[in-house]
Amino acid sequence: GDSVTQTEGLVTLTEGLPVMLNCTYQSTYSPFLFWYVQHLNEAPKLLLKSFTDNKRPEHQGFHATLHKSSSSFHLQKSSAQLSDSALYYCALSENSGTYQRFGTGTKLQVVP
Amino acid sequence: NSKVIQTPRYLVKGQGQKAKMRCIPEKGHPVVFWYQQNKNNEFKFLINFQNQEVLQQIDMTEKRFSAECPSNSPCSLEIQSSEAGDSALYLCASSLAGQYYAEQFFGPGTRLTVL
């Protein structure tokens with residue numbers, strides 16, 4: 001069956017340093033991958049999602065590349081900002097299903 | 001910004017009581033999802049609808065929850081007999097299409113506390 005793994009529960013970074021949050025997946029089919037961000041006491045919202053071609057999705061300075069060979073969709077940003085502090089969820093959707101399966105989430109804390 | 005509306009924002013129930021929460025999806029979104037986010041921030045899919053029809057649901061939902069999305073009324077999720085382990089944030093999401101690549105728009109959630 002399909003699954004999503006986010007190995008880091010908490011990532012603490014100093015402002016200005018690069019961000020990389022890991023996401024790997026298992027899927028029988030060709031899945032779509034998503035990154036959602038949830039700020040404190042707010043609803044989760046889509047940050048970016050994979051494309052069917054090899055384009056790299058980008059939003060608010062974040063980007064992620066779907067690597068089918070390694071089953072990964074890591075989230076990256078070149079320079080962390082204090083406002084990036086939030087929960088980040090990687091999610092997967094397969095063409096055999098109708099809902100997205102979420103990883104356990106990574107809490108990103110950016111400190112001055 | 002998402003326009004999914006969830007009520008109430010907070011719900012407190014005793015064990016064995018019914019707990020009912022509602023969701024109004026974004027206008028024009030025929031697909032509605034319910035998720036449970038526990039205290040460890042883990043998401044669990046509960047059930048989804050396309051228009052008024054159930055698309056998928058997990059065992060727990062089938063046995064202990066009652067959910068519907070009637071035409072021209074809010075969708076609802078009701079726990080028939082609340083248990084302590086049901087304390088969680090219940091998130092409703094909607095999407096424009098049932099396709100697996102469709103983005104989901106989330107509401108702010110209903111935080112249920114079962115005493």
Side-chain angles (χ1 to χ4, degrees), chain A residues 1-6 8-11 21 23 25 27-53 55 57 59-60 66 73 86-109, chain B residues 1-7 9-10 21 23-26 29-51 53-58 61 67 69 88-111:
Chain A
D2 56 324
S3 65
V4 179
T5 301
Q6 293 181 252
E8 310 119 332
L10 172 65
V11 171
L21 305 184
C23 172
Y25 64 90
S27 174
T28 308
Y29 306 98
S30 293
F32 262 80
L33 274 295
F34 304 79
W35 276 101
Y36 287 86
V37 58
Q38 186 178 24
H39 287 93
L40 189 63
N41 296 323
E42 292 185 11
K45 57 185 177 184
L46 182 71
L47 186 57
L48 45 82
K49 69 177 184 180
S50 60
F51 286 104
T52 49
D53 55 22
K55 285 184 191 171
H59 185 63
Q60 296 179 346
L66 182 62
F73 191 59
L87 272 167
Y88 290 81
Y89 290 94
C90 184
L92 171 154
S93 185
E94 289 186 323
N95 60 7
S96 64
T98 61
Y99 68 91
Q100 292 172 14
R101 187 176 298 277
F102 285 75
T104 49
T106 298
K107 185 175 182 179
L108 176 64
Q109 279 183 337
Chain B
N1 287 330
S2 174
K3 296 177 179 61
V4 176
I5 299 170
Q6 287 190 251
T7 56
R9 292 294 306 275
Y10 300 91
M21 54 205 86
C23 170
I24 300 175
E26 283 214 26
H29 284 193
V31 186
V32 174
F33 305 80
W34 286 99
Y35 293 90
Q36 181 193 65
Q37 187 178 25
N38 66 20
K39 62 181 180 182
N40 296 321
N41 293 317
E42 296 163 337
F43 276 66
K44 179 191 284 185
F45 166 79
L46 297 175
I47 189 170
N48 58 354
F49 293 82
Q50 181 149 0
N51 297 313
E53 301 296 320
V54 174
L55 289 175
Q56 282 182 276
Q57 62 181 321
I58 62 171
T61 309
C69 264
L89 182 67
Y90 289 83
L91 289 163
C92 176
S94 69
S95 71
L96 195 52
Q99 285 88 348
Y100 70 114
Y101 49 79
E103 174 185 351
Q104 293 180 25
F105 294 83
F106 285 86
T110 292
R111 186 165 295 283

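Each chain gets a letter, A, B and so on, in the order its sequence line appears, and its residues count up from 1.
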Tell me if the centroids of the rings in Phe45(B) and Phe102(A) come within less than 6.0 Å of each other. no

Determine whether Phe32(A) and Glu103(B) make a side-chain contact, defined as any pair of heavy atoms from C-beta on separated by less than 4.5 Å.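 No - every pair of side-chain heavy atoms lies 4.5 Å or more apart.
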
Sequence neighbours excluded, the answer for ring pair (Phe, Tyr, Trp, His ring centres under 6.0 Å) partners of Tyr89(A) is Phe43(B)

Calculate, to the nearest 0.5 Å, the distance between atoms CG and CD belonging to Asn48(B) and Gln100(A) respectively.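 Output value for this atom pair is 10.5 Å.
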
In Å, rounded to the nearest 0.5 Å, how long is the span from CG of Asn41(B) to CD of Gln38(A)?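 Asn41(B) CG to Gln38(A) CD: 6.5 Å, rounded to 0.5 Å.
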
So for Gln104(B), is it side chain, backbone, both, or neither that comes closer than 4.5 Å to the heavy atoms of chain A?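 For Gln104(B), the contact with chain A is made by backbone and side chain together.
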
Heavy-atom pair with the smallest gap, counting every atom of Gly107(B) and Pro44(A): O-CD, 4.4 Å

Would one find more than 12 heavy atoms of other residues, nucleotides or ligands at under 6.0 Å from atom CG of Asn40(B)?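 Yes - once you tally the heavy atoms of other residues, nucleotides and ligands closer than 6.0 Å, there are more than 12.
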
Among Leu92(A), Leu46(A), Thr104(A), which residue forms the greatest number of heavy-atom pairs with chain B at distances under 4.5 Å?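 So the answer, after comparing Leu92(A), Leu46(A), Thr104(A), is Leu46(A).
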
Tell me every residue that passes salt bridge (charged side-chain N to carboxylate O under 4.0 Å, His left out) with Arg111(B), counting only those two or more places apart in sequence or in another chain. none

Test side-chain contact (heavy atoms from CB on, under 4.5 Å) on Gln56(B) and Tyr99(A); report intermediate values, then the result. CA-CA 8 Å; Gln56(B) 282 182 276; Tyr99(A) 68 91; 3.4 Å; yes

